[in-house]
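Take a look at the structure set out below.
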Amino acid sequence: MKNTQNSLGAYLKKHWKTVVFLVLVLIGIGIADQFVNSFMRRLLNLSAIYTIVALSMNLVNGFTGQFSLGQAGFMAIGAYTVAIFTVPVGLRSTIFYLAPMAPLLANIQLPFVVALILGGFLSAGVAFLIGSPCLRLRGDYLAIATLGFSEIIRIIFTNTQTITNGALGIKSIPTISSLWWTFGIALIVIIACFLLINSSYGRAFKSVREDEIAAEAMGVSLFKTKMTSFLISAFFTGIGGGLYAALLGTVDPKQFYFTLTYNFLLIIVLGGMGSISGTIIASFVVTLGQEALRFLDEPMAFGLDLPIFRPGLRMVVFSFLLMVVVLFYRKGLMGTNELTWNFIANKYRSIKSRFTKKAASAQGGDSK
Amino acid sequence: MLKISNLEVAYGGIEAVRGIDLEVPEGSIVTLIGSNGAGKSTTLRSIVNLVKSKSGSISYFGEELMGLDTTKIVDKGITLVPEGRHVFPDLTVLENLKIGAYMRKDSLKEDIHMIYNLFPRLEERSWQLAGTLSGGEQQMLAVGRAMMSRPKLLMMDEPSLGLAPLVVKGIFEIIQTLNKEGMTILLIEQNANSALKIADYAYVLETGKITKQGTGKELLNDESIKEAYLGKSQRKK
Amino acid sequence: GCSGSSTSSDNSDVIKVGVFEPLTGANASGGELELEGVQLANQLHPEVLGKKVELVVADNKSDKAEATTAAARLIEKDKVCAILGSWGSSLSMAAGDIVKSNKIPAIALSATNPQVTLGNDYYFRVCFLDPFQGTVMANYAYKTLGAKKVAIVQEVSNDYSVGLAKFFTDAFTKLSGDASAIVSTGNYNTGDQDFNGILTNIKATNPDVIFAPGNYTESALLIKQARALGITCPIIGGDTWETNEFITVGGADVEGAVMSTFFDDTNPPTEAGKTFVAEYKKLYPDRQNVPAVTALGYDGYMMLMDAIERAGSADPQAIRDALATTTNFEGATGVITINANGDAEKNSAIVKVVKDGKFTYLDTVTITQ
Amino acid sequence: MVVGMTLSTFLQQLINGLSLGSLYALIAIGYTMVYGILKLINFAHGDIFMMAAYFAYFGISVFFLPWYVTFIITILLTMLLGAGIERMAYRPLREAPKTSLLISAIGVSFLLENLATYLFSGKPQAFPEFPVMTTPIFVGGLSIQPVSIVIPIVAFFLMTVLLFIINKTKVGMAMRAVSVDYDTAKLMGIKIDNVISSTFAIGSGLAAVGALLWCMKYPSVLPLMGVVPGLKCFIAAVIGGIGNVKGAVLGGLILGFSEVLMVAFFPSLTGYRDAVAFIILIIILLFLPNGILGKKQVEKV
Amino acid sequence: MSLLKTENVIMQFGGVIAVNDLNIDIKKGELAALIGPNGAGKTTAFNVITGVYTPTSGKVLFSPTDNGGVASEIDISGKRPDKITGLGIARTFQNIRLFSDLSVLENVLIATHLNINYSFLSAILRMPKARNGEREAKEKCEFLLERMGLIDLKDEKASSLPYGQQRHLEIARALATNPQLLLLDEPAAGMNPQETDELTDLIFKLKTDFDLTIFMIEHHMDLVMEISDHIYVLDFGCTIAKGNPNEIQNDPKVIEAYLGVDEDVED
Ligand SMILES: Nc1ncnc2c1ncn2[C@@H]1O[C@H](COP(=O)(O)OP(=O)(O)OP(=O)(O)O)[C@@H](O)[C@H]1O
Ligand SMILES: Nc1ncnc2c1ncn2[C@@H]1O[C@H](COP(=O)(O)OP(=O)(O)OP(=O)(O)O)[C@@H](O)[C@H]1O
Ligand SMILES: [Mg+2]
Ligand SMILES: [Mg+2]
C-alpha cells in the first residue's frame, strides 16, 4: 500500500506538467460547455467524436500496421444500438410506420450510457467474428475485406426493416448536447491509447507492424496481437458511433457508406500515422476546417458577376488543400512523433535558434 | 577512367562520406575495404546517383557524372552489383538475366551461355522465380545480371557476402577473368584478404574518409591493416 | 460571407430565411428547382413588415449527416427565423429534430413522406402526402389503365420510394380486392445503374403496369432497360420524376411514362398560380415547362410571408403559431389550409405523361377521403 | 425463395450477366494493371472512368464532334489525365511510404469528384444514344443489345493485348521489374518514370474504353458515377488475384454473373445485391488469400 | 542428453526438395554448426525448426528443461513460431529483420513480451504489477544491450545502426526471449576477418554466460572450425557429413562439395 502511494507520488512528481495540462483541459471544456454557442458546440462535439473514431482506427492502421477499412461498419453498429435502445418507446410505432419493430425489441429502452457501452461491445463482438477469418489476410486484401464487411453491415441494416427500420432510418433519438459526453469519452480513449501504446502490448502492436516474421520469432502471437488491437479499435469505434447517433439524433444506413471511413483515414494520415496527438489535432482541423471553408459555397459579390463562388467550391478547395498536405507533409503533421513536452521544447529551441541565426546573419549583412 | 574528388555524401544529418578522392584506371581492379558503416556502399551508390551527393566531382573519361540520371550513367557503361543482391523476385532467373541487358539491342544468346557456364546452378534454375533462390544463388544471379550489360566499369558491393567458400573462390576467379577480358572493376570486399590479393590498387575507408591507399600487395603487408582487417588467421602465419 | 449586421433577426432591418436544399450530390436537380421557386418569390416579394427578407442558402449535399449540420448552421449560426426545404423527404426528416428542439418553424416544399411533419410541431408542408399520392397512382393504374397485375420496383435505400411503394401497394390491393395483385417486387439501391436482372424477373411475371417510384436518374435508366428487354407495359411513378433530366436521360424510352405531381402550368388552379407562371416565363423565357416543385418553392415562401405578416413579427414562435393557423391561403398550386399535423390539406393531384419530350397534363385526380 | 424459371428467362439472365460481367472485367483490368506495377490501389480509377464519360459527353453533345473522333479524343485525353495524375500526385511520393501514396490516391479521387460536381453540377447528363449499339435484337423471346456482345469481345481482345505487352515485350518486363524495386530497375537502365507513366496511361485508357461502353449501355453521366463501378471492379480484380490480368477478367465475370443470377434466383433478396460482391470476395479470400489466380506471395525468410 | 532432434525431416517447395531426410541431434550445452553450399537448405532447416515452415514430413523434437530442471520431449513440428519461441528456441535471421523504425531498446523490449506477467487491463490502468513488470523488463534489456556493446545506442533507430551492430542487436533481441537454444543464421556475414574474430569470442562467452546451446549456420570456416563441437554438412538438402571439426575438414566429400582445396594452406 505504502509502496503504491510512494510510486504514485513519484509518478505525479515526474508527470506534473501533464497533470497540470490535463486539469487545464478539463477546465477548458467546462468553460466552453458554458459559453460556446450551440453551433460551435455541435462542431466541437463532432470533432471529439471524430477524435475517438480516428484514434481507434489509428490503433489498428497506424500502430499495428494492419490496413483495415471497416470503421464505418463498426460505427454503424454503435450508432444503431444507441438508436434502437434509446428511442422513446412511445414514438416507435410512428417511426417504424412501414413495418412495426420486432416485438422482442419494441419495448426495451435502455439508459444512454448502457446503450452506448452495449454498442461498443456489440461492435467488438462483430469485430471478433470478422477478425477471425480476416486478420489472416495481408495488406490490401485485409483492407478490401474489412471494407466489404463494413458494407455488408450497412446493407444488412438497410434490409432488416423490423430492427433498424431499413432505409427509413431512426429519428427522434434523444440527443446530447453537453460537451462532457464526447470530450470526456475522447479523453478516456486518448489516455487509454496512450498508456496502451507505451506498454508491452503496445510494443507488440508495433512489432507486428514492423515485421511479422520477426515479431513471431520474438514470441509475439500475431493473431492474438492483431485481434486485441482490432477488438479495442472496434469497441471504441462503436462508442464513437453511439455518440454520433446521439449527436445527430437520427441514423440511417446511408450515413455509414464506406466513404465515411475515408474521412478517418484522411485524419490519421493528416495527423501522422502512429501519432496519437497528431490524430487529435487532425480531427479538429478537418472538422472545423470544412466548416470554416463554407463561405466558398456562397455567392460573393465581387463587382464582377463571375459565378466562381457557388456550391461545390468548398469541397474542391478542401480536397485541394488535402492534396497539398499529402504531397508536402508526407508524414502528416506529426509523423510518428507525439506532442510531448520534449517535442515542444525541441521545436521551440530549433525555431529560436533559427531566429537568432537569422538575426545574426542579418546583422552580418548590415555590417558589410 | 573514373576519378572522384572531394566527394561528400550525407543521409539527412548523418555524414556517410566526408570528402574522398579516388581513382580507377582503365583495365584495373581497384578495391575498397573498411569496416562496417565506413561509407563504402554509399560511395558506390553515389557514383550511379542512387544517392545524391552533397559536393565534389565524379568524372568518367573526363565527363562529369554528378547529377546525371542513373539510367544515363548506366548507359555509359557503368553498372553496380548492389549490396544485398536485389534480384527481381517475381521474374524468373532467365528474365533477370535478360533485364540486365535492358539497354542492349543485340543478341543475348552468347552472354547467357557464358553466364550459365560460370554459374551452372543458374542454368538448372533458369525457370525458377528469383525470389525463391537461396542467398548464394541470388548472389550469383546478381553478378550474372550485371555482366549482361557488358559494362566497361563493373562495381561490386560485397559480392562474396554469404557465399560458400568454394563459390567465393569462384567469384574471385571470375573477377580476374573479367578483368583480363578488359573490364575495369571496382570492388568492395569484407574478405579483404582475397580482395587485396587480386587488386591492383586499394583504398581503406574509415568513417567516411580514406585513411590509407596503395597497391594490393603493399596493403596486404601493412601491419596496421593486418591488425585491423585481416583477422587472426592471417596474423597466425 | 455577407452576414447581416446583427445577430438577432428580431430588431434588425432584415429578416433572414433559411433555404435548406441539396445543391450538390444526387438530388441537386430537385434542390435547384425548388430554390428557383423560392428565389423567384423572393424577387417578387422582397419585403415583409417593412423589412428586407434575406435568403440564406445552405447546401445539404444530398446527404443526411450534412443535412443536420447545414440545418444547425442555419439556425445556430445564421440565426434564421424560418427554414424552407428540403427536396427529398429523408433530408427534411434529418433536420426535423433540430428545428423542433430549436423551435424554428420549417416548411417542407415537396417532401411527401408523412414522417416529415408527424410528431413535429415545427415542420409544415405545402404539398400533398405519399399515402395520397400512392392512392392517386393506384387509382390511375386500376381505373384508367385497367391493370390487374402490378409489378413494383423500389429504391430500397430511399425512404421516399419505399414509403410510396407501400402506400401504392395498400391502395391497389384494396381497390382490386386481390391480395396477390402485386406480382413481383424488385429492390435496387440509390446509384445503381444496371436493372436488367430485376427487370428480366418482372418480365417473366408479365405485369399490366410497373410502378417504380424513385430518383429520376435511376428511374430513367430503369425504364430504358425495361424497354430494351422488350417490356411494353406502362411504367408509372411519383412526383420526383418531373425533372428535365428524367427526359434527357430517358430519351425516347420514357415517352408515355406517367407520374403524379403537384402542379400543371398549362392550367393553374388559382390566380396566384397564373401570376407565378407568367413571372416564371418572364424570368426563364426559353424553358418549356414550369416544374411543379418550383411552384411549391414559390408557395412555401409566400405562405411564410403570409404567416409573418399575420404574426406581425419575425419571432420564430409567433411565425410558427401563425403558420399553424393558415387557412385558405391562395398558393400557386392550390388553396392551402394547414391541418393539425402541419400538412397542407390537398385532395387533388395532377397526373402527367411524357409526350414528345415534355411533361404533359393528363388528368387531375381528386380523392375524397 | 427460388422461383421457377423458364429457360428463356434464365438465358436472358445469362446474357445480362455476361455483359455486366465483361464491363466489370474491362475496368478491372486497368485497376489490376496499375496495382501490378505500383502496388497501389488506385482509388482514383473509378473517377478517371467518370472523367472519361464526361469527355465523351462533351465531345458529342456539346462540341458536336463525330463519335469516332470523340472516342479517340476521349481515350487520348483520359490517358493524358491518368499520366498527369501520376505526375502530379504519385511521382512526388516515390520514396514515401505506401500509405501516403494511398491517401494521395484517395485525395485525387476526392478532388476529381468534387471538381466534377463543381464544374458539371451534380445533375446527370444524358449520354448520346447509339441506336446501332442499343436497339435490341429479339431472338425467340430473348432481347440482346448489340453492345452486350461488343463488350465481351472488346474485353477479351484488350486482355490479350495486355497480356502480350506484359509478358512478351521488353516494356512488359521492365514493368514487372519496376514493380518490385525502383533503384535496381534504374541500375538496369530502365527509365522508371516513363515505365510508370505508360502504365498509368494504359490503365486509364482502359478505363476510358470501359466508360464509353458503359455509357452506351447506361447512358447517364454523373460526378459520382465512378464510385460504385470503381469499388466493384476493384473487388473483381482482387477476386481474380490483384495484379493478374486474366484474374481481373475472371473476377469481373464472376461478379457480373453472380449479381445477376442472385437477382434471378432469389428475387426477394434483391436488396442484398450489393452485398453479393463482398460476400463472394470474402469467401474467396478465405480459401484463396491471394485471389483465384493470384500467385502466392513469396517471402524468403 | 539431446536438446533438439530432427527425425527424417523433409521440406519440399513445389518440385524443389530443400531439405531431404534431415536427422540432427544437438546435445544440451554444445555448439553445433550447419554448413554447406548455397542453397543447400540450411536456412530452410532453421525455418522448419522455428516453425516458419511446417515440414512436409518428419518430426522436430525439442526437450526444454522447465524451472525445476526437468526436461520433457515435445514434438514442435508445425507449431506456431511464437509458441516455439516460448518453449525456448530463439533465432537470428540471415537477412537481418529488425523492427527498423523502432529504437534499439524497443527492439529488445519486444522480445520480453513473452514473459510479461501482467494483463492487458492492468497495462492500460498502469497497475503496480504492470509498472514493476515494465521496469524489470527494461533492466533486463539494458543489461543485454550492455553485454552486446549497444547500450550507448539504445535510443537510436534500429535501421540507423551500421550493419555489424544490427547483427549484434539481433542477437541481443534473441537473448531477451530467454532461450535455451539459440539459432544463429550466418552471424558473421558481412564482417571482416577482424570483426569475425571478435564475434567468435563473443559467441563463445554468451554460450557459457547464458548457459546456452547454440546451433549456427556459417560460411566463415575459421569461425566454425574454431568453436564448433559438432558440424553437420548439407548439400542439396541431404546430410553429406557430420562430425567434429577435424573430421569434417578432412572429409573428401565435404572438400569437394563445399570447402575446396585451401590454397592458403598450400602456399
Ligand atoms: N539509407 C540510409 N539512411 C540513413 N543512414 C544511412 C543509410 N544508408 C547508410 N547509412 C549510414 O551511412 C553510413 C555509411 O553506410 P554504408 O552503407 O555506406 O557503409 P558500408 O561501408 O558499406 O558498410 P557495410 O560494410 O556495413 O556495408 C553508416 O553509418 C550508415 O548507418
Ligand atoms: N519459399 C520457398 N519457395 C521455393 N523454394 C524455396 C523457398 N525457400 C527456399 N527455397 C529453395 O530451397 C533451397 C534451399 O534454400 P536455403 O535458403 O535453405 O539455402 P541455404 O542453405 O540457407 O543457402 P545460403 O547459404 O545461400 O543461404 C534453395 O534452392 C531455395 O531456392
Ligand atoms: Mg556496404
Ligand atoms: Mg541461408
Side-chain angles (χ1 to χ4, degrees), chain A residues 61-62 65 67 130 133-134 136-156 158-159 161 166-167 212-214 217 257-259 262 265-266 268-270 273 308 310-320 322-332, chain D residues 35 39-41 43 88-89 92-93 95-119 121-122 223-224 227 231 234-235 237-239 242 269-283 285-286 289-291 294 297 299 301:
Chain A
N61 289 44
F67 191 18
I130 293 174
C134 278
R136 287 170 219 286
L137 300 170
R138 275 186 205 203
D140 302 327
Y141 290 95
L142 175 63
I144 187 74
T146 44
L147 188 149
F149 268 117
S150 124
E151 277 292 275
I152 290 175
I153 291 171
R154 183 183 66 84
I155 292 167
I156 290 175
T158 314
N159 287 282
Q161 189 91 35
E212 295 200 355
I213 289 172
Y257 205 52
F258 69 90
T259 41
Y262 291 171
L265 194 61
L266 293 176
I268 60 176
V269 169
L270 210 63
M273 280 264 200
I308 297 174
R310 61 168 197 255
L313 181 62
R314 171 174 71 115
M315 289 314 288
V316 174
V317 172
F318 180 74
S319 31
F320 185 76
L322 200 109
M323 286 304 300
V324 170
V325 174
V326 171
L327 291 177
F328 295 101
Y329 288 84
R330 284 173 208 175
K331 290 187 168 164
Chain D
Y35 185 91
K39 297 282 174 288
L40 162 74
I41 307 177
F43 276 102
M88 306 298 290
L93 298 176
E95 319 276 316
K98 220 179 97 181
T99 39
S100 309
L101 212 61
L102 202 82
I103 300 303
S104 192
I106 294 179
V108 170
S109 154
F110 232 59
L111 185 62
L112 286 179
E113 284 165 18
N114 289 324
L115 205 62
T117 307
Y118 175 72
L119 293 177
S121 92
L224 296 184
V227 178
L231 187 64
F234 174 52
I235 293 172
V238 174
I239 288 178
I242 193 152
L269 296 182
T270 45
Y272 288 95
R273 172 174 170 166
D274 281 350
V276 173
F278 293 106
I279 291 169
I280 293 175
L281 169 85
I282 287 161
I283 292 173
L285 284 188
L286 286 187
N290 300 297
Q297 277 165 340
E299 181 165 27
V301 179

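Note that the coordinates shown come from a computational prediction; the quantities given were computed from them, not determined experimentally. Chain letters run A, B, ... following the sequence lines, proteins first and then strands; every chain starts at 1.
Using a 4.5 Å cut-off between heavy atoms, D:Ile279 contacts chain A through both its backbone and its side chain. Both the backbone and the side chain of A:Leu265 come within contact range of chain D, each with at least one heavy atom under 4.5 Å from a heavy atom of that chain. The part of A:Phe258 that comes within reach of chain D is its side chain, from C-beta onward, which places non-hydrogen atoms under 4.5 angstrom from that chain.
Looking at every heavy atom in both residues, A:Tyr141 comes nearest to D:Asn290 through OH-O, 3.5 Å. The minimum heavy-atom distance linking A:Ile155 with D:Ala275 is given by the pair CD1-N, 3.3 Å. Taking all atoms of both residues into account, the shortest heavy-atom contact from D:Ser104 to A:Leu327 is OG-CD2, 4.1 Å. When every heavy atom of A:Met323 is checked against every heavy atom of D:Ala89, the shortest pair comes out as CE-CB, 3.7 Å. What you find for D:Leu285 and A:Ala145 is that their closest heavy atoms are CD1-CB, 4.3 Å.
Across D:Val108, D:Leu111, D:Leu112, D:Leu115, a single residue satisfies side chain to side chain contact (heavy atoms under 4.5 Å, CB included) together with A:Ser319, and that is D:Leu111.
Every residue meeting the ring pair (Phe, Tyr, Trp, His ring centres under 6.0 Å) condition with D:Phe43, not counting sequence neighbours, appears here in chain and number order: A:Tyr262. For D:Tyr272, there are no ring pair (Phe, Tyr, Trp, His ring centres under 6.0 Å) partners at least two apart in sequence or on another chain.
Counting heavy atoms from C-beta outward, A:Val317 and D:Tyr118 have side chains that stay 4.5 Å or more apart. No side-chain heavy atom of D:Ile242 sits under 4.5 Å from any side-chain heavy atom of A:Ile144.
The CD atom of A:Glu151 sits 12.0 Å away from the CG atom of D:Leu281 when rounded to the nearest 0.5 Å.
When A:Val325, A:Leu313, A:Leu270, A:Leu322 are compared by the number of non-hydrogen pairs under 4.5 Å with chain D, A:Leu313 comes out ahead. Counting heavy-atom pairs closer than 4.5 Å to chain A, the top residue among D:Ile41, D:Ile235, D:Val227, D:Leu269 is D:Ile41. Heavy-atom pairs under 4.5 Å with chain D were tallied for A:Thr259, A:Asn61, A:Leu147; the largest tally goes to A:Leu147. The candidate from A:Val269, A:Asn159, A:Thr158, A:Val326 with the greatest count of non-hydrogen atom pairs under 4.5 Å with chain D is A:Asn159.
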